[in-house]
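We count ligands from 1, going down the list as the structure has it; atoms in each ligand are counted the same way.
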Amino acid sequence: MRLEFTKMHGCGNDYIYLDCLKGMIDNAPELARRLSPRRFSVGSDGLICIAPSQVADATMRMFNADGSESAMCGNGIRCVAQWLYEHKVAGDEMTIETLAGIKHLSRKGEGIWQVEMGAAEFEPALVPVKGLGPDPVINRAIAVDGLPWQVTALSMGNPHCVTVVEDVQSLDLERIGPGFENHPAFPEHVNTEFIQVMGKNHLAMRVWERGSGETLACGTGACASAAAAVMLRLCEPDTDIALDLPGGRLTIRVSEDWQIRMTGPAKTVYTGVVEV
Ligand SMILES: N[C@H](CCC[C@H](N)C(=O)O)C(=O)O
């Protein structure tokens, strides 16, 4: 079967986008697994379906490279907005339904979108994180690879574990990433962000993503990192925080009541057809 797709990325976090506006497909996890391998197939961090919605301009369904589905994808939702704009399905302001609720997006320039991401959630049961007591996990030690890591756990609609390090570039994520992703404290596995304070309201970040491994950027991860940094008083609320990722820069704003706003790029690279 010939499958038409659009390849897009946000700060190098690249996905295969499918037009499912006529109806959601039922083999998305298998397609994500088959089409994500680089060199052997199209190559991507996963697959995103743009499907119809009764309550928003469209629905986003996101699948990691291993076929697992996530409720939310920050870089992905900006690209869905760009796709809807380019295909004249929606304009400068739009809403996109996700499994983590309806998100509002505003176009801020050519290929630049601002997303109201909703609230950072530190309640353990809602991350979810378990076995570390009833209180929010803020700068608490967990053991990975035989070493203690001080982590902060929160949800952006998907689970995140943020840890502050001296030098993000020195980390061997291939070695330590799976130990975080599959840590028993995170029953639904977890996306892990490693952040380094570069200056006032300026962080560098690398990420090991649940279901995809190290990616060049993670939008929900950038939001989680900024929220954790504000919680740890490393950054200020109600201020633009610059997040430098290997694939580019995202700007995150954390309100006093933990509402998160993300602004960043979305780019169409090419359209293609693949036999599946
Ligand atoms: N791997 C994530 C989904 C993709 C998130 C990331 N690519 C983003 O931009 O937010 C998860 O399983 O929760």
Side-chain angles (χ1 to χ4, degrees), residues 7-17 28-29 32-33 36 38 43-50 59-83 96 98-101 103 105 112-121 126-129 153-162 173 177-178 180-183 186-195 205-228 243-252 260-267:
K7 192 74 184 344
M8 304 180 79
H9 77 89
C11 299
N13 186 204
D14 62 327
Y15 293 101
I16 296 160
Y17 291 78
R33 286 189 292 271
S36 296
R38 300 185 193 279
S44 70
D45 289 329
L47 179 81
I48 291 181
C49 298
I50 302 168
T59 293
M60 174 180 77
R61 297 283 297 277
M62 186 273 163
F63 301 85
N64 293 303
D66 70 354
S68 61
E69 182 169 13
S70 179
M72 188 46 197
C73 179
N75 290 316
I77 203 167
R78 296 196 317 275
C79 288
V80 169
Q82 183 65 21
W83 190 97
I96 297 174
T98 75
L99 296 180
K103 309 297 179 187
L105 294 95
I112 305 292
W113 291 88
Q114 185 171 92
V115 192
E116 301 302 336
M117 293 288 284
E121 176 58 69
L126 301 180
V127 175
V129 58
L154 66 156
S155 174
M156 284 304 305
N158 56 352
H160 291 273
C161 169
V162 181
L173 292 196
F180 281 94
E181 179 180 3
N182 303 303
H183 194 283
F186 297 99
E188 295 178 9
H189 305 286
V190 74
N191 301 287
T192 304
E193 290 80 31
F194 305 84
I195 62 174
M205 182 193 110
R206 286 175 67 192
V207 62
W208 182 270
E209 281 201 29
R210 173 179 69 168
S212 293
E214 181 168 15
T215 61
L216 295 183
C218 177
T220 52
C223 295
S225 296
L243 266 285
D244 283 339
L245 307 137
R249 174 173 283 194
L250 292 174
T251 301
I252 312 294
I260 311 292
R261 172 178 292 169
M262 169 182 65
T263 304
K267 182 148 179 58

| Purely on distance, is any nitrogen or oxygen of G74 under 3.5 Å from one on ligand 1? | yes
| said: List ligand 1 atoms under 4.0 Å from S70, heavy atoms only on the residue side. | reply: 3 (C), 11 (C), 12 (O), 13 (O)
| query | Does ligand 1 have an atom under 4.0 Å from some heavy atom of C73? | reply | yes
| request: Decide whether the shortest distance between a heavy atom of G211 and an atom of ligand 1 is less than 4.0 Å. | output: no
Identify the protein heavy atom lying closest to [atom], giving its residue, its atom name and the separation to 0.1 Å.
atom: atom 4 (C) of ligand 1; answer: E209 OE1, 3.3 Å
atom: atom 10 (O) of ligand 1; answer: T220 OG1, 2.6 Å
atom: atom 2 (C) of ligand 1; answer: N191 OD1, 3.2 Å
atom: atom 9 (O) of ligand 1; answer: G219 N, 2.8 Å

| message | Donor-acceptor pair, distance only, cut-off 3.5 Å: does the side chain of N64 make one with the backbone of D66? | response | no
| said: So does S44 get a backbone contact from the side chain of K7, meaning a donor-acceptor N/O pair under 3.5 Å? | reply: no
What distance separates [X] [atom1] from [Y] [atom2], expressed to the nearest 0.5 Å?
X: M72; Y: M62; atom1: CE; atom2: CE; result: 10.5 Å
X: L105; Y: M262; atom1: CG; atom2: CE; result: 7.5 Å
X: T263; Y: R249; atom1: OG1; atom2: CZ; result: 12.5 Å

| Tell me, do C161 and H183 make a side-chain contact under 4.5 Å, heavy atoms counted? | no
So which bit of [X] gets within less than 4.0 Å of ligand 1, heavy atoms only: side chain, backbone, both or neither?
X: N75; result: both
X: M62; result: side chain
X: F63; result: neither

| task | Check the side chains of E193 and S225 for a donor-acceptor pair under 3.5 angstrom, ignoring hydrogens and angles. | result | no
| said: For the residue pair D45 / T215, report whether a side-chain donor-acceptor contact shorter than 3.5 Å exists. | reply: no
